[in-house]
Amino acid sequence: MNPYKFLYLIWLLPGYLLFLSVHQALVFYSVVDTYDTGKSYVAEVVDYDLKQIAAQTNGYVVLRFEADKEQHQQKLSLPVEMAGAIGKSEVIPIRYKKDAFVNIVMIPTYSTQKGLALTNMAMAAVGLFITLFIAFLVHRYTNKKLTEGDEQFVIERVDNNE
């Protein structure tokens, strides 16, 4: 088997970045839809943790609220950009839509959450276009290398010594 055939696996990178772009587009649309059409509730903060490890800061918040006479409790990841708006609040106003892709939107962090999804989608799309270009070049190079091996070396005698 020709080892150049493995270079075709480069197409997995644009495929993955396409998946990320579509996922972030769904997150963005769902955040906006939940905010616009979801019901407003007041959620109690059950647990809040913010981890600061060197240059990385992230955490989570656990919210509990009652919707449609049912108790709901959900753990949400909390990037550092959103942690400042939440702070040490004991209650947080939220929008909730039961069957949405993103079913809870914290009202104080709505613009940040929407902006993060849009930024992630844009970065994945830029990466997609760059890797598509690179994958095209690698694909062309691989085709060239694989077709070069099909040529046979032929020695032809050109003198007329009969």
List the steps, then state whether side chain to side chain contact (heavy atoms under 4.5 Å, CB included) holds for Asn103 with Asp99.
CA-CA 7 Å; Asn103 60 352; Asp99 295 326; over 6 Å; no
For the [atom1] atom of [X] and the [atom2] atom of [Y], what is their distance to the nearest 0.5 Å?
{"X": "Leu76", "Y": "Gln113", "atom1": "CG", "atom2": "CD", "value": "8.0 Å"}
{"X": "Glu44", "Y": "Glu66", "atom1": "CD", "atom2": "CD", "value": "11.5 Å"}
{"X": "Phe19", "Y": "Gln24", "atom1": "CZ", "atom2": "CD", "value": "9.5 Å"}
{"X": "Thr34", "Y": "Lys114", "atom1": "OG1", "atom2": "NZ", "value": "13.0 Å"}
{"X": "Leu137", "Y": "Leu132", "atom1": "CG", "atom2": "CG", "value": "11.0 Å"}
{"X": "Asp33", "Y": "Leu26", "atom1": "CG", "atom2": "CG", "value": "11.5 Å"}

Whether [X] side chain and [Y] backbone form a donor-acceptor pair below 3.5 Å:
{"X": "Ser30", "Y": "Ala100", "result": "no"}
{"X": "Thr147", "Y": "Lys144", "result": "yes"}
{"X": "Thr131", "Y": "Leu128", "result": "yes"}

For Val45 versus Ser89, what's the shortest heavy-atom pair and its separation?
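Smallest interatomic distance, heavy atoms only, reads CG2-O, 3.3 Å.
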Distance-minimising heavy-atom pair for Met121 and Ser21:
CG-O, 3.8 Å
Hydrophobic cluster identity match, [X] and [Y], side-chain contacts under 4.5 Å:
{"X": "Trp11", "Y": "Ile134", "answer": "yes"}
{"X": "Tyr41", "Y": "Val46", "answer": "no"}
{"X": "Phe129", "Y": "Val138", "answer": "yes"}
{"X": "Phe133", "Y": "Leu18", "answer": "no"}
{"X": "Phe136", "Y": "Val126", "answer": "no"}

Go through the steps to decide whether Leu20 and Leu17 satisfy the test side chain to side chain contact (heavy atoms under 4.5 Å, CB included), and finish with yes or no.
CA-CA 5 Å; Leu20 282 178; Leu17 289 171; 4.1 Å; yes
Can you list the steps and then say if Ile107 with Arg95 is a side chain to side chain contact (heavy atoms under 4.5 Å, CB included)?
CA-CA 7 Å; Ile107 293 174; Arg95 297 277 181 140; 3.8 Å; yes
Sole residue of Val62, Val61, Ile92, Leu63 in side chain to side chain contact (heavy atoms under 4.5 Å, CB included) with Tyr48:
Val61
Inspect the surroundings of [atom1] in [X] and state if more than 12 heavy atoms from other residues, nucleotides or ligands are less than 6.0 Å away.
{"X": "Glu90", "atom1": "CD", "answer": "no"}
{"X": "Tyr8", "atom1": "OH", "answer": "yes"}
{"X": "Tyr60", "atom1": "OH", "answer": "yes"}

For the residue pair Asn143 and Tyr4, confirm or rule out a side-chain donor-acceptor distance under 3.5 Å.
no
According to the ring-ring contact (aromatic ring centres under 6.0 Å, His included) rule, which pairs have a member within residues 77-126, sequence neighbours left out?
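Only His23-Phe101, Tyr35-Tyr110, Phe65-Tyr96, His72-Tyr96 qualify under ring-ring contact (aromatic ring centres under 6.0 Å, His included).
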I'd like to know whether Asp68 forms a side chain to side chain contact (heavy atoms under 4.5 Å, CB included) with Lys39, so could you lay out the CA-CA distance, the side-chain angles of the two residues, the decisive distance to 0.1 Å, and finally the verdict.
CA-CA 10 Å; Asp68 301 326; Lys39 293 182 181 178; 3.8 Å; yes
Could you tell me if the side chain of Leu146 sits less than 4.5 Å from the side chain of Lys5, heavy atoms only?
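They are in contact (side-chain heavy atoms under 4.5 Å apart), so the answer is yes.
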Within the structure provided, determine whether Lys145 and Leu7 are in side-chain contact (heavy-atom separation under 4.5 Å).
no
